[in-house]
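Presented below is the structure to which this report refers.
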Amino acid sequence: MTEDGLRRRVSYLRVSLTDRCNLRCRYCMPNTGIRFFPKDSLLDLEELKRLLKVFRDMGMTKIRLTGGEPLLRPELEEILSEIIRLGIEDVSLTTNGVLLSHRVQSLVAAGLKRVNISLDTFQAERFHKITGMAALDRVLRGIWDTVDAGLEPVKINMVVMREWNLDEVEEFALFAKRAPVEVRFLELMPTANNFEGTAGADPDSFVSADEIKMRIERVVTLGAEEPCSGVAKVFPIEEGLGKIGFISPVSNHFCGSCNRIRLTARGALKTCLHGPDSADLRAALQGGADDTELKQIIRDALTIKPDEHFIRPDHYVSGNLRMSQVGG
Ligand code: SAM
Ligand code: SF4
């Protein structure tokens, strides 16, 4: 078992497999364009496998693969199989869903059990404007194919922005009523992109989880909140097939019970999404560190994991977070 300096048990690793993406979501990437990291600066498959084993040995019981867009990584199935082989059953994926449909079967065969698919609108033109690609149909196909393949749960992540899609939250709630999916409404987080002119990620765009909940309770009746099992507050929908979740990193952060750490595509350890890199594990690997040394580097970084981040509705700034490089 691994604990941080505040004795919070750390058991959840989020791994960004690439900083590259086929979309350019307005709230995630700068609209001035983004320069991706050179490929040879990313963890290769063998380095990644080595680090996954070290994290497994340190007590990580849950892993989420993210990006950038993880489906752009050709070895994704092999990485999934390796995680299962290491004995970690709770492995999931966060994807924009564009490339999901034709890969669902191979992902399931590799051991994937659950998936989060990001979708911010049901309107084709709006989808194009928010993400930079006319691909709504492909994402919807990906959602239904994962449901049909029996992945459970299928979660839909909607980042709510006042001027872009707040008027659709009721429709998303009704979608969760008629489909066996969990729709999770995410508060928009500030990122470093704000300073580069990214539309849709500023204080005026921010909508609190309370305001979203008030809106959707006009169209669905929520049951009792489920016992907390993560960062989302989850509610069943009365007479519905799916569920609703709220994630409120800004208005009501959950740092006190944070059990997560992150590995970036370049092999940096991040002990807080909103903090700086905590250790360069790839450099340590390339410098010849053995597993014992790697574990000590990780433990040392964890002793200074921040107790909380300082983003609030009235302090809506982020110094350095580039969401597509860290994976959310
Ligand atoms: N490309 C994949 C996707 O979009 O699902 C995985 C990486 S993406 C960075 C992970 C999650 O972060 C997505 O659900 C995305 O909507 C969310 N995200 C990105 N920027 C965000 C922001 N500024 N505030 C809140 N969530 C954000
Ligand atoms: Fe790509 Fe995901 Fe960021 Fe959108 S949110 S640009 S899909 S990494």
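Quick caveat, the model's predicted, so the values are computed rather than measured. In listed order, ligands and their atoms are each counted from 1.
Near Thr94, meaning under 4.0 Å from one of its heavy atoms, ligand 1 places the atoms 2 (C), 5 (O), 6 (C), 10 (C). Heavy-atom proximity to Leu186, at under 4.0 Å, picks out these atoms of ligand 1: 26 (N). Near Gly68, meaning under 4.0 Å from any of its heavy atoms, are these atoms of ligand 1: 1 (N), 2 (C), 6 (C), 7 (C). Against a heavy-atom cut-off of under 4.0 Å, Glu69 is close to the following atoms of ligand 1: 1 (N), 2 (C). Each of the atoms 2 (C), 3 (C), 5 (O) of ligand 1 lies under 4.0 Å from some heavy atom of Thr95. The distance from ligand 1 to the heavy atoms of Asn157 drops below 4.0 Å at these ligand atoms: 14 (O). Atom numbering of ligand 1 starts at 1 in the shown order; those under 4.0 Å from a heavy atom of Thr66 are 6 (C), 7 (C). Distances below 4.0 Å separate heavy atoms of Val159 from the following atoms of ligand 1: 16 (O), 26 (N), 27 (C).
Other members of a hydrophobic cluster containing Met1 are absent, since no ILVMFWY side chain comes under 4.5 Å of it, directly or through relayed contacts.
A cation-pi contact, defined as under 6.0 Å to the ring centre and within 45° of the axis, links Lys62 to Tyr12.
A donor-acceptor pair is defined here as one N or O able to donate and one able to accept, closer than 3.5 Å; no such pair exists between the side chain of Thr2 and the backbone of Gly59. A donor-acceptor contact shorter than 3.5 Å links the side chain of Glu293 to the backbone of Asp290.
Checked by distance only, ligand 1 and Tyr27 come closer than 3.5 Å through their nitrogen or oxygen atoms. When only interatomic distances are considered, the shortest N/O to N/O separation between Met189 and ligand 1 falls below 3.5 Å. Of the polar atoms of Ser118, at least one N or O is found under 3.5 Å from an N or O of ligand 1, judged by distance alone.
When hydrophobic clusters are built by joining Ile, Leu, Val, Met, Phe, Trp and Tyr residues whose side-chain heavy atoms come closer than 4.5 Å, directly or via intermediates, Ile212 is not grouped with Met214.
Among protein atoms, those of element N, O or S found less than 2.8 Å away from atom 1 (Fe) of ligand 2 are Cys21 SG.
For Lys113, the NZ atom counts as densely surrounded, since its 6.0 Å shell holds more than 12 non-hydrogen atoms of other residues, nucleotides or ligands.
Under 4.0 Å from ligand 1, not a single heavy atom of Leu23 appears.
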For Cys21 and Asn96: C-alpha separation, side-chain torsions, deciding distance, then whether side chain to side chain contact (heavy atoms under 4.5 Å, CB included) applies. CA-CA 9 Å; Cys21 190; Asn96 61 36; 3.7 Å; yes
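Across Thr271 and Ala301, no two heavy atoms sit closer than the pair CG2-O, 3.9 Å.
Put simply, the residue from Glu152, Glu182, Glu226, Glu238 that forms a salt bridge (Lys or Arg N to Asp or Glu O under 4.0 Å) with Lys243 is Glu226.
Under a 4.0 Å heavy-atom criterion, Glu187 is in contact with ligand 1.
For residues 63-77, the pairs satisfying salt bridge (Lys or Arg N to Asp or Glu O under 4.0 Å) are Arg73-Glu75, Glu77-Arg103, with sequence neighbours left out.
Side-chain N/O atoms of Ser101 and Asp145 include a donor and acceptor closer than 3.5 Å.
In this structure Phe172 satisfies the ring-ring contact (aromatic ring centres under 6.0 Å, His included) test together with Phe122, sequence neighbours excluded.
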